[in-house]
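The basis for the numbers below is simple: all heavy atoms, side chains too, and nothing from hydrogens, waters or symmetry mates. Lettering of chains follows the sequences in order, A, B, ..., and the numbering in each one begins at 1.
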Amino acid sequence: MSEMPKAYEPQQFEDSIYARWEESGAFIPENLPDFATRKPYTIMLPPPNATGTLHVGHSTMLAVQDALIRFNRMNGKRALWLPGTDHAALATQNKVEKDLFKNEKITRHDLGREELLKRIDVFVEKNRDRMTFQMRKMGSSLDWSREAFTLDEPRSRAVRLVFKQMFDDKLIYRGNRVINWCSRCASTLSDDELGTKTRKAVLYSFKYAKDFPITIASTQPETKLGDTGVAVYPGDARYEALVGKTIDVDFGGQGGSKLKIQIIADHGVEKDFGTGALGVTPAHSMVDYALAMNHNLPLVQIIGEDGLMTAAAGSAYEGLTIAEAREKVVAWLRAENLIEKEEEIEQNVPICERCETEITPLPKLQWFVSVENKFAFRESTRAPVAGIAAGSQISLKDSMRHVVETKQIKIVPERFEKTYFHWINNLRDWCISRQLWYGHRIPVWYCAAPKTEKCAEAVCSIEDISVCQHCGGVAEQDPDVLDTWFSSGMWTFTTLGWPYTRVIFVRHGEAETNVGDFLNSDATKEYHLTETGRAQVVATAEKLKLQHVDAIFASPLLRTQETAKIISDALGLPVTTEECIREAGMGEFEGKLTAEFEAIMGDRGNPANWMHSSPGGAETFQAIRERTHGFLDELIKTHTGKTIVVVSHGDPIWAAASFGKSGVLWDSEYPQRGSFYVREFDTTGSQVGDLNTYHPTDVLETGYDIIFQWVARMILMSTYALGEVPFKNVYLHGMVRDEQGRKMSKSLGNVLDPLDVIPKYGTDAVRLALLIGQTPGNDLKVSEEKIAGFRNFTNKLWNISRFILSQDAASHLVLRADIDDELLTTMDKWILSRLAGVTKTVTESLQTFAFSRAGEALRDFTWNELADWYLEGAKVEGEKAEILQYILQNLLKLWHPYMPFVTEAIWQSAYASGEKDFLMIAKWPDETSMPLYPEAEKDFAHVQNVIVAIRALRTEYKIDAKEIVPVTIITKYKSTLAQMQPVIERLARATLLFADAAPAGQLATVIEEGTITIPKPEAANNSDERGALEAEKENVAQYIATLAAKLANEDFLARAPAAVVEKEQGKLREAREKLAAIEDRLGA
RNA sequence: GGGCAAUUAGCUCAGUUGGUUAGAGCGCUACAUUGACAUUGUAGAGGUCAGAAGUUCGAAUCUUCUAUUGCCCACCA
């Protein structure tokens, strides 16, 4: 053991410990001892926006996830925690544009697309470095080798692929829809990007024209220039006769609009609001748009993207701003005397969350993901969603609802499930295009100058397109980019090597060669499939229809060609003949019986028999491996993300399917004749099989504020693209607030920057402050004082360790088996039993996300039991080095997920056996191997009660702290207490005398354990004692009355469980004994 | 308007399926100082569990209502 300083100074340890962890490679799950046999445990770090620095909210997320990861790593899991960053298209571009304007007074249009993107990249790079620095500071045991970014190459490939699949599945469509338009940002905003503002407005009630039969109301009369209908409540007597009629009106005066107003009835209209009739402006209101769609009303756009009135508004209005147009319309209404009422009202209007400009709803061609259209559900070979059959027709809404309804995804706290369903049920199609430059550009091209009718079609493609395939003219890519959640929705699987190339190996059906059991590798010989064989393949082809096959390759032999032809016809795809997957070359054995061949070279079923040599010039297994692997290598490069059918023969399939599995020479299973199996190969090279190993992930941990924006979208993307849930559990933490419960914001100046407080109090203290006191889904108040409190605790643990380690010349690892039960004192058994108990509590709590409970239980044990009692007692009993070390070792492990640094620092100075021996990868204490001692726990509680009582007496009667008090005790626990006499005497600073009666003239206190007396100090008088005893007597008497009443109640005796009754009886007995002792004392 | 949550000691919060004389930390009061730790120890004060009604042998815990606070969703023409 090296010298430990008196106080723990985190700055001296944290950075170097983190660096050593990282260098050791233990953050990478494949480097963990016995990694291959460990069960995977995965958390994807919610990628923070590339825009800024991390705040305490991020620290909470890091602390929680790191605690989970460390706990599971120590529990023998193959723990992967994968970091990354989100490009956050809108937020990032906005930030850079703002800076640009502030510093250089230029806009993005001055720079141009290319240059702006370059600037953003620089900005993002800088921010990412800062963020990863902050994550390291928090002690996050992230696998940095797998770090990802939502806008990098692999993620872009995945985005295009999913877009294309959705496009082909008719889930992505382009539509003229009313969207939220911010005329300042010149961009569409999703509902999630809206804020609201309360403003005063005038609600005008008026008629379109004097002879118009219905009065309507509006705060924006200018939009009425685009009205095409009036909606009323069905059956409203006032208007019933008019429903279905179309009325022509001139609106807005000379140069205004000629409106064709159709009267419709709809349940969405509120009878009692305003006039009970609603002027419908389909182009500039979400609600009206929906109404118009239901009733087939036309749509007239009268406000342009620039926020000015269009020609459709009429020549008198074209070019005016909205405000000007409103003035003009109102003036006209006044002049025509059409206004019936004007009232000032308060209304909430949607605004752009970022620039606070009022939203102008307007129709625009946008890309949407339909949540209603059905698609054929994909099959997962890893972790298929239960309850949705592969290939079944289902909508995204259905799949999103299903996986949560069936608890395949559990949300903690559960109440958010309700919120989730409510949201799903009201979900509208997802507008995914954004009028931005930064982000994943929409992979759709249009002919720049359409010449033929076909040219007008939008073409979706994974590869870039430069030429229109119909007219040969220039093709232009859609200028818009995708909503950032489109790519972050795929975070759980694009980080694991997806898109995979799926290869479906189909073995040819039964052929004449099989029936005759002879060998054939000569493609010029014509051996057909048998009838049985054809039937086998037909059945297989049906199944392949569910697999979204993109291409078919086949060996040149006739039996494989025939097999491929059947599949080709079923799927409507051409067949490519591929030499590299032909049958094993048979050499001199061409046309001979298999038996003859095997008589010479042995069982072909064991590739070892013919791995490197084969008789008669026949091909070796190794040679087949090489050519098939070469083919697959090429295939996954040219067909990334595709599903490929490879029709081949037994041996080549056998040899081929070990491709990409390092160290595997052949696949242990392979398909029967005429059937198939699926193999998936990723593109990450060294991480082959990541998706298989780590997906679905175990926990998604994030704030409840992005449950819809992100959590729901990940569920959408994963169920769609993979047919899997993205995670099994969702843990939602609350928002971090300041000590007054306010949100942390820059303008309030109450932001707690983790980088400010970490140097002051240490990372461990910050983590404790964030983990203890948090309950799922509830907000957490943090203050510097709270962090300072936990800093004190880290120091306490440090000093506990210092004391324990000073007891032993050489620190060493102690197992429970090393401790001799025979030699244990009551106190030893008590603490060991408590350690076992707390180990159980902590383990169970961490398994159920009860972070606060685990932390509190551990803190109470560490401070109130171990430090305050056991260590003090150990100083008296002595000879406890072994047990102390054992307790410390387990304690450090239990604390490690919460306080990684101080625990590792202590471990390193005391127990590390070498450079790579870290507490971080030590084995979690096994509570099942730790015996409990319930009797010792009870006995020691008596000891504690007596000591506390004596101390209280001392304080009560102001006895000098240095003075040793001669105590007399009358008790039925004499043997227990006598056994612990030295400890009691030292901790209470007393000498103990057991007696049957209290000595005369002494002061006493009565507790459950008996009567304790001390000699009367000069200063005290009798009334003090009597007063206290009288009060206690009163107290106990009342308690007895309550208990007695309860036990006299026959209903209680009849209905309460026996154990409860027994417990109450025990209490009553003890209370009566105590009362007797008090009365005895008072009577004396 | 619809929904969700919270309300327990001066402050921040625990309190697991109803069974404790209702707990912790901070703060407060008094005492203690060379032996692991003053970033400490010891003892103590402090609560009608927001209010009302109900269910039950038994309610901080379950039900209903009320009040206050916070959040989410929808928004009105």
Side-chain angles (χ1 to χ4, degrees), chain A residues 4 6-8 191 196 203 205 216-220 223 231 268-270 273-281 285-288 345 347-350 413 415-416 418-419 422-423 426 704-705 707-708 734-735 739 741 761 765 772-775 777-783 785-786 788-807 844-845 848 850 852-853 856 859-860 863-864 867-868 871-872 875 948 951-956 958-962 987 989 1035-1036 1038-1039 1042-1043 1046 1049-1057 1059-1061 1063-1064 1067 1071:
Chain A
M4 291 172 73
K6 205 166 159 178
Y8 173 61
D191 293 349
T196 52
L203 180 66
S205 298
I216 53 157
S218 177
T219 55
Q220 296 162 287
T223 60
V269 179
E270 255 181 67
F273 187 89
T275 60
L278 161 67
V280 183
T281 322
S285 156
M286 297 289 176
V287 180
D288 294 7
I345 58 162
Q347 62 177 178
N348 290 329
V349 291
R415 70 184 129 92
F416 282 99
K418 222 183 234 177
T419 325
H422 181 255
W423 183 79
N426 293 295
Y704 62 75
D705 53 332
I707 177 164
F708 307 131
M735 302 294 110
E739 60 268 33
Y761 304 105
I772 295 179
Q774 83 152 266
T775 30
N778 287 347
D779 292 350
L780 176 72
K781 291 179 190 158
V782 282
S783 60
E785 291 78 58
K786 191 170 175 183
F790 285 110
R791 185 267 322 265
N792 295 354
F793 180 72
T794 59
N795 188 59
K796 186 74 184 179
L797 182 65
W798 178 261
N799 276 293
I800 288 169
S801 310
R802 241 163 46 98
F803 173 74
I804 291 177
L805 296 170
S806 72
Q807 301 297 298
E844 287 173 354
S845 300
T848 53
S852 197
R853 199 197 310 166
E856 284 170 70
R859 182 195 52 196
D860 294 346
W863 207 322
N864 302 337
D868 290 348
L871 294 191
E872 293 308 320
K875 289 173 188 171
V948 168
R951 285 168 173 171
L953 270 177
R954 300 178 58 112
T955 309
E956 176 84 359
K958 303 205 185 331
I959 293 165
D960 193 282
K962 291 196 192 78
L987 298 195
R989 293 184 131 329
N1035 187 12
V1036 177
Q1038 223 161 55
Y1039 183 41
T1042 320
L1043 285 171
K1046 195 186 246 184
N1049 184 336
E1050 299 209 352
D1051 281 332
F1052 174 71
L1053 295 174
R1055 296 178 199 226
V1060 172
V1061 175
K1063 207 171 149 192
E1064 295 301 307
K1067 283 184 201 167

Worksheet item: P atom, B:rG15 versus B:rA9: distance in rounded Å?
Response: 15 Å

Worksheet entry | P gap between B:rC62 and B:rU17, integer Å | 8 Å

Practice prompt. Rounded off to whole Å, could you give me the CD1-to-C1' distance for the A:Ile804 and B:rA36 pair?
Written response: 9 Å

Item to complete: Please list, chain by chain and in numerical order, all residues satisfying ring pair (Phe, Tyr, Trp, His ring centres under 6.0 Å) with A:Phe790, sequence neighbours excluded.
Response: none

Worksheet, complete the sentence: Assign each of A:Lys958 and A:Gly276 the nucleotide of RNA chain B bearing its closest heavy atom; nearer the 5' end lies the nucleotide of A:Lys958

Item to complete: May I ask you to say whether A:Lys875 pairs ionically with A:Glu872, meaning some side-chain N is under 4.0 Å from a carboxylate O?
Response: yes

Fill in: Side chain of A:Lys1063 - closest among B:rU39, B:rU20, B:rA36
B:rU20

Fill in: side chain to side chain donor-acceptor pair (under 3.5 Å) evaluation trace for A:Ser852 with A:Glu856
CA-CA 6 Å; A:Ser852 197; A:Glu856 284 170 70; 2.8 Å; yes

Practice prompt. Please determine if a side-chain N or O atom of A:Thr775 lies less than 4.0 Å away from the OP1 or OP2 oxygen of B:rA14.
Written response: yes

Practice prompt. For RNA chain B, just give me the dot-bracket, please: Watson-Crick or G-U, both distances below 3.5 Å, ( ) intra-strand, [ ] crossing earlier pairs, | paired with another strand, . unpaired.
Written response: (((((((..((((.....[...)))).(((((.......))))).....(((((..]....))))))))))))....

Fill in: Upstream residue (5' side of RNA chain B) when A:Val1036 and A:Asp779 are each assigned their closest nucleotide
A:Asp779

Item to complete: Pick base, sugar-phosphate or nothing for A:Thr219, based on heavy-atom distances below 4.0 Å to the nucleic acid.
Response: sugar-phosphate

Worksheet, complete the sentence: Correct closest heavy-atom pair for A:Lys796 and A:Ala867 would be CE-CB, 3.8 Å

Discussion item. Could you work out, with ring pair (Phe, Tyr, Trp, His ring centres under 6.0 Å) as the rule, every residue matching A:Tyr761, not counting sequence neighbours?
Written reply: none

Item to complete: Kindly indicate whether the side chain of A:Lys6 and the base of B:rC37 share any N or O donor-acceptor pair separated by less than 3.5 Å?
Response: no

Worksheet item: When rounded to the nearest Å, what value does the distance between P atoms of B:rC13 and B:rG70 take?
Response: 15 Å

Discussion item. Say we look at B:rC65 and B:rA30: how far apart would their P atoms be, to the nearest angstrom?
Written reply: 50 Å

Worksheet item: OP1, OP2 of B:rG35 versus side-chain N and O of A:Lys875: anything below 4.0 Å?
Response: no

Worksheet entry | Whole-Å distance separating the CG atom of A:Leu797 from the C1' atom of B:rU39 | 13 Å

Discussion item. Applying ring pair (Phe, Tyr, Trp, His ring centres under 6.0 Å), can you list everything that pairs with A:Phe803, at least two apart in sequence or on another chain?
Written reply: none

Practice prompt. Find the distance A:Ile800:CD1 to B:rA36:C1' and express it as a whole number of Å.
Written response: 9 Å

Worksheet item: In whole angstrom, what separates A:Ile772's CD1 from B:rG25's C1'?
Response: 10 Å

Discussion item. Heavy atoms only, 4.0 Å cut-off, all strands: where does A:Thr281 land among base, sugar-phosphate and nothing?
Written reply: nothing

Worksheet item: Closest approach of A:Ser801 and A:Leu797, non-hydrogen atoms and distance?
Response: OG-O, 2.8 Å

Fill in: Whole-Å P distance, B:rG18 and B:rU61
12 Å

Worksheet item: Atom CD in A:Gln1038, atom CG in A:Leu1043: separation rounded to 0.5 Å?
Response: 11.5 Å

Item to complete: Verify the contact: side-chain N or O of A:Lys1067 to OP1 or OP2 of B:rU21, cut-off strictly under 4.0 Å; return yes or no.
Response: yes

Discussion item. Quick check for you: among B:rC73, B:rA36, B:rG25, whose closest atom lies nearest to any side-chain atom of A:Leu871?
Written reply: B:rA36

Practice prompt. Could you give the distance separating B:rA52 and B:rA38 at their P atoms, to the nearest angstrom?
Written response: 49 Å

Worksheet item: Of the non-hydrogen atoms in A:Ala217 and A:Ser205, which two are nearest, and what is the gap between them?
Response: CB-OG, 3.8 Å

Fill in: Result of checking A:Leu780, A:Asp705, A:Asn778 against A:Met735 for side-chain contact (heavy atoms from CB on, under 4.5 Å)
A:Asp705

Fill in: Close side-chain approach of A:Thr223 to A:Asp288, heavy-atom, < 4.5 Å
no

Item to complete: Give A:Arg954 one of three labels, base, sugar-phosphate or nothing, depending on what nucleic acid heavy atoms sit under 4.0 Å from its own.
Response: nothing

Worksheet item: So what does A:Glu872 hit on the nucleic acid, given a heavy-atom distance under 4.0 Å: a base, only sugar-phosphate, or nothing?
Response: base

Worksheet item: Using a cut-off of less than 4.0 Å, is there contact between a side-chain N or O of A:Trp863 and OP1 or OP2 of B:rG41?
Response: yes

Worksheet entry | Separation between the C1' atoms of B:rC71 and B:rC76, rounded to whole Å | 23 Å

Practice prompt. Select base, sugar-phosphate, or nothing to describe what A:Asp288 touches, counting heavy atoms under 4.0 Å on all strands.
Written response: nothing

Worksheet entry | Between P of B:rU40 and CZ of A:Phe793, the distance in whole Å | 11 Å

Discussion item. Using the P atom as the point on both nucleotides, what is the distance between B:rG25 and B:rG41, in whole Å?
Written reply: 10 Å

Fill in: Rounded distance in Å - CZ (A:Arg853) to P (B:rG15)
7 Å

Worksheet item: Nearest heavy-atom pair of A:Leu805 and A:Met4: which atoms, and what distance?
Response: CD1-SD, 3.7 Å

Item to complete: Looking at every strand, decide which applies to A:Ala867 at a 4.0 Å heavy-atom threshold: base, sugar-phosphate, or nothing.
Response: base

Discussion item. For a 4.5 angstrom cut-off between non-hydrogen side-chain atoms, does A:Gln220 reach A:Thr281?
Written reply: no

Worksheet item: Which part of the nucleic acid, if any, lies within reach of A:Leu203 when heavy atoms closer than 4.0 Å are counted: base, sugar-phosphate only, or nothing?
Response: sugar-phosphate

Practice prompt. Indicate, with a heavy-atom threshold strictly under 4.0 Å, whether A:Arg415 touches base, sugar-phosphate, or nothing.
Written response: sugar-phosphate

Worksheet item: Closer than 4.0 Å, any side-chain N/O of A:Asn792 to the OP1 or OP2 of B:rU40?
Response: yes

Worksheet item: Between atom CG in A:Asp860 and atom C1' in B:rG25, what is the gap in whole Å?
Response: 9 Å

Fill in: Sugar-phosphate, base or nothing in reach of A:Lys796, heavy atoms under 4.0 Å
base

Worksheet, complete the sentence: Given protein heavy atoms under 4.0 Å, the one-letter contact record of nucleotides 55-65 of chain B, with B base, S sugar-phosphate only and - none, is simply --B--------

Practice prompt. State which of B:rG25, B:rA36, B:rC71 makes the closest approach to the side chain of A:Tyr704.
Written response: B:rC71

Worksheet item: Got A:Ile707 and A:Trp423 here, is their nearest side-chain heavy-atom distance under 4.5 Å?
Response: no

Worksheet item: Between A:Lys418 and B:rC4, does any side-chain N or O lie under 4.0 Å from OP1 or OP2?
Response: yes

Worksheet item: Should the pair A:Tyr8 and A:Trp798 be assigned to parallel (<30°), tilted (30 to 60°) or perpendicular (>60°) ring geometry?
Response: tilted

Discussion item. Rounded to whole Å, how long is the line connecting atom CG of A:Asp868 with atom C1' of B:rU40?
Written reply: 10 Å

Which pairs, protein N/O on one side and nucleotides 43-45 of chain B N/O on the other, fall under 3.5 Å?
from	atom 1	to	atom 2	distance (Å)
B:rA43	OP1	A:Arg951	NH1	3.4

